[in-house]
Amino acid sequence: QVQLVESGGGSVQSGGSLRLSCAASGYTYTSYSMGWFRQAPGKEREGVAAIDSDGSTNYADSVKGRFTISQDNAKNTLYLQMNSLKPEDTAMYYCAIGPLNRLRVEPSLNYNEYVKWGQGTQVTVSS
């Protein structure tokens, strides 16, 4: 059974940094996509960053140049380094995993293409 457990959220001031982690276990995909998504109150869940098992990455325009997604295959852990945080980055952040879509050049930021989700970790950025 796939389990994804996020950690690393917290409260920071604008301009600060956080690193989110997602420990994954139980998945049998040899080819996969993993992503970070966020959802603020009253808003739709949106894709933030994604990475394929081959290392290809994709970022939402709103976080390009500020966020970096990476994975440590030895530790089965996904990371999201978030720098230059803004109040509009405040949200619950979720990691997710799904099978690799070989029709795509970049990993998807569409949450409908992901099948397993973690419980989320809250990020709050104050001005």
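Because the structure is predicted, anything quoted here is derived from the model rather than measured.
- When all heavy atoms of Ala50 and Tyr114 are compared, the pair lying nearest together is CB-OH, 3.5 Å.
- Side-chain atoms of Ser56 and Arg104 form no donor-acceptor pair, as typed in the model, at a separation below 3.5 Å.
- Residue Val63 is grouped with residue Val125 when hydrophobic side chains (ILVMFWY) are merged at heavy-atom distances under 4.5 angstrom, including chains of intermediate members.
- Both tests pass for Arg19 against the ring of Tyr79: distance under 6.0 Å to the centre and angle within 45° of the axis.
- Of the possible polar contacts, none joining the Trp36 side chain to the Leu78 backbone as a donor-acceptor pair under 3.5 Å is found.
- No more than 12 heavy atoms of other residues, nucleotides or ligands lie within 6.0 Å of CD in Gln3, so this atom counts as exposed by the packing criterion.
- For the 3.5 Å distance criterion, the side chains of Thr77 and Asp72 fail to qualify, holding no donor opposite an acceptor.
- Classified by interplanar angle (parallel below 30°, tilted 30° to 60°, perpendicular above 60°), the ring pair Tyr93/Phe67 is tilted.
- Residues Ser108 and Asn110 bring no donor and acceptor atom of their side chains to less than 3.5 Å of each other.
- In this structure, Asp52 and Asn101 have side chains that are not in contact, with every pair of non-hydrogen atoms separated by 4.5 Å or more.
- Under the 4.5 Å side-chain heavy-atom criterion for grouping Ile, Leu, Val, Met, Phe, Trp and Tyr, Tyr32 is not connected to Phe37 through any hydrophobic cluster.
- Judged by distance alone, the side chain of Gln71 and the main-chain N or O of Asn76 form no donor-acceptor pair under 3.5 Å.
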